Amino acid sequence: MLVYPSGVDVSGSTLRFLAARLRKHRHALGTRWRRLGTGRQALLTLTHLRNGQPYAQLAAGFGIGTTTAYRYVTEAVELLAALAPTLAETVRAASMNAYLILDGTLLPIDRIAADRPFYSAKHKKHCMNVQVISDPKGRLLWASPALAGAVHDIRAAREHGIIDALAQAGITCWADKGYQGAGGTVRLPYRGRWDRLATGQQAVNRSHAKVRALVEQAIATLKSWRLLRKLRCSTTRVTSLVQAVLTLHLASSD
């Protein structure tokens, strides 16, 4: 395999953050020596998450075995995922915001036709459902554990306890029609054909759409980590990958 220099569009502070966590982790384990230092392991992990490169390519680039590359990345991802904020922590920290915005996004996976639970009939593809919460400026605050793509947004929000958590905190949340019947503090647009809505209802829906559209920035932030654009791993690992990306994003935003 040919090897060439490449780049990763991730800040140096993000690399230092992950390297520091890996250094502390190795110290706790009593690790004396490894093929890659903590800085190189951090770079290996960031390259995988940001560029979506497979383990064979990473192994060739870093001069290690494919199995070693997988083990190093998995260790770092699990360490990052454990640092991700919980929903309760996010809601508590965001309590000073005038409102939050909720939306769901689908992460494509390489499942086969027999894997029906992961197939979204609406989007005609196999995927995982992830709920995203942003602040009024569209900044990513929280991403949920991943559920099968066949799960609708309203069901996912209920399973994660998002609606109840927002209601208990008294935080208004803007969402689309996919959350119809959510109740609590969730604000939804009027349903029905546009030409059948009253003038006032149309005006409300226009305003609602402008506010809710900002959550797309948070979703774009999540998917700027290219690994999440097409997942080729076990569905049991998707949640850890999403939580790891969330931790890295929040660390670089501080």
Side-chain angles (χ1 to χ4, degrees), residues 81 84-92 94 97 99-135 138 140-193 204-205 208-209 211-223 225 228-231 233-246:
T86 64
L87 175 61
E89 291 171 343
T90 301
V91 170
R92 185 164 56 251
N97 286 289
Y99 58 87
L100 298 178
I101 313 172
L102 170 66
D103 200 3
T105 187
L106 297 177
L107 305 180
I109 57 176
D110 62 343
R111 299 292 92 179
I112 60 176
D115 295 322
R116 299 301 298 179
F118 301 99
Y119 185 76
S120 171
K122 178 180 179 181
H123 296 273
K124 303 293 189 292
K125 60 184 178 182
H126 290 82
C127 47
M128 302 293 286
N129 181 305
V130 174
Q131 299 294 298
V132 174
I133 294 178
S134 79
D135 68 6
L140 176 63
L141 298 181
W142 184 76
S144 74
L147 297 176
V151 177
H152 295 289
D153 284 340
I154 180 61
R155 176 184 164 190
R158 285 171 173 162
E159 286 195 21
H160 296 311
I162 298 173
I163 299 171
D164 290 340
L166 294 171
Q168 291 174 6
I171 301 176
T172 301
C173 175
W174 297 73
D176 62 22
K177 295 177 182 178
Y179 297 88
Q180 198 68 38
T185 56
V186 178
R187 298 292 179 263
L188 304 172
Y190 286 102
R191 295 186 66 185
R193 291 172 57 91
V204 169
N205 280 10
H208 188 282
V211 173
R212 195 189 59 77
L214 292 172
V215 75
E216 297 299 331
Q217 296 180 22
I219 292 174
T221 297
L222 191 67
K223 292 185 177 181
W225 298 80
L228 300 183
R229 297 179 189 177
K230 183 64 175 181
L231 291 157
C233 62
S234 169
T235 55
T236 59
R237 295 189 62 226
V238 177
T239 292
S240 294
L241 292 170
V242 172
Q243 298 300 302
V245 167
L246 175 64

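Note that this is a predicted model, so its numbers are computed, not measured. These values consider heavy atoms only, across backbone and side chains, with no hydrogens, waters or symmetry-generated copies.
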Inset, instruction - Would you check if the side chain of Glu89 reaches a backbone N or O of Thr86 as a donor-acceptor pair within less than 3.5 Å? - result: yes
Legend entry - Neighbour count above 12 (heavy atom, 6.0 Å) for Arg155 CZ: no
Legend entry - Side chain to side chain, Leu140 and Ile133, heavy atoms closer than 4.5 Å: no
Legend entry - Residue His160 excluded, over 12 heavy atoms near NE2 under 6.0 Å: yes
Inset, instruction - For the residue pair Pro108 and Arg229, establish whether any side-chain heavy-atom pair is separated by less than 4.5 Å. - result: no
Inset, instruction - Would you please test Leu106 and Ser120 for side-chain contact (heavy atoms from CB on, under 4.5 Å) and show each step? - result: CA-CA 9 Å; Leu106 297 177; Ser120 171; 3.9 Å; yes
Inset, instruction - Measure across Ala94 and Leu100 and return the closest heavy-atom pair with its distance rounded to 0.1 Å. - result: CB-CD2, 3.9 Å
Legend entry - Aromatic ring pairing Tyr99/Trp174, orientation class (parallel under 30°, perpendicular over 60°, tilted between): perpendicular
Legend entry - Atom pair CD (Gln217) and CD1 (Ile101), whose distance is rounded to the nearest 0.5 Å: 8.5 Å
Legend entry - Heavy-atom donor-acceptor pair, His208 side chain to Arg187 backbone, under 3.5 Å: yes
Legend entry - Non-hydrogen side-chain atoms of Leu228 and Val245 separated by less than 4.5 Å: yes
Inset, instruction - Of all the heavy-atom pairs spanning Ser144 and Val242, show the shortest one and how long it is. - result: O-CG1, 4.1 Å
Inset, instruction - Mark yes or no for whether Asp164, through its side chain, and Gly161, through its backbone, hold a donor-acceptor pair below 3.5 Å. - result: no
Legend entry - Asp176 side-chain N/O to Gly178 backbone N/O, donor-acceptor pair under 3.5 Å: yes
Legend entry - Minimum heavy-atom distance Val151-Asn129, with the two atoms named: O-ND2, 3.1 Å
Inset, instruction - Compare every heavy atom of Leu246 with every heavy atom of Pro85, then report the nearest pair and how far apart it is. - result: CD-CD2, 4.1 Å
Inset, instruction - Could you tell me whether the side chain of His126 and the main chain of Pro117 form a donor-acceptor pair under 3.5 Å? - result: no
Legend entry - Lys/Arg N to Asp/Glu carboxylate O, Asp103 vs Arg212, below 4.0 Å: yes
Legend entry - For the student: nearest non-hydrogen atoms of Leu102 and Ala157, plus distance: CD2-CB, 4.4 Å
Inset, instruction - Identify the heavy atoms of Ala175 and Leu188 that sit nearest to each other, and give their distance. - result: O-CD2, 3.7 Å
Legend entry - Backbone of Ala146 reached by a side-chain donor or acceptor of Thr239 within 3.5 Å: yes
Inset, instruction - Check His152, Arg158, Gln131 against Tyr179 for a side chain to side chain contact (heavy atoms under 4.5 Å, CB included) and give me the one that passes. - result: Gln131
Inset, instruction - Verify, without hydrogens or angle tests, whether Thr185 (side chain) and Ile171 (backbone) share a donor-acceptor contact under 3.5 angstrom. - result: yes
Inset, instruction - May I ask you to decide if Ala220's main-chain N or O and Lys223's side chain share a donor-acceptor pair within less than 3.5 Å? - result: no
Inset, instruction - With the side chain counted from C-beta on, respond yes when Cys173 and Leu166 share a heavy-atom pair under 4.5 Å apart, and no when they do not. - result: yes
Inset, instruction - For the pair Met128 and Leu147, evaluate side-chain contact (heavy atoms from CB on, under 4.5 Å) and give the outcome as yes or no after the intermediate values. - result: CA-CA 5 Å; Met128 302 293 286; Leu147 297 176; 6.0 Å; no
Legend entry - Cys127 side, atom SG; Lys122 side, atom NZ - distance, nearest 0.5 Å: 11.0 Å
Legend entry - Heavy-atom donor-acceptor pair, Glu159 side chain to Ile154 backbone, under 3.5 Å: no
Legend entry - side-chain contact (heavy atoms from CB on, under 4.5 Å) between Val132 and Trp142, intermediate numbers included: CA-CA 6 Å; Val132 174; Trp142 184 76; over 6 Å; no
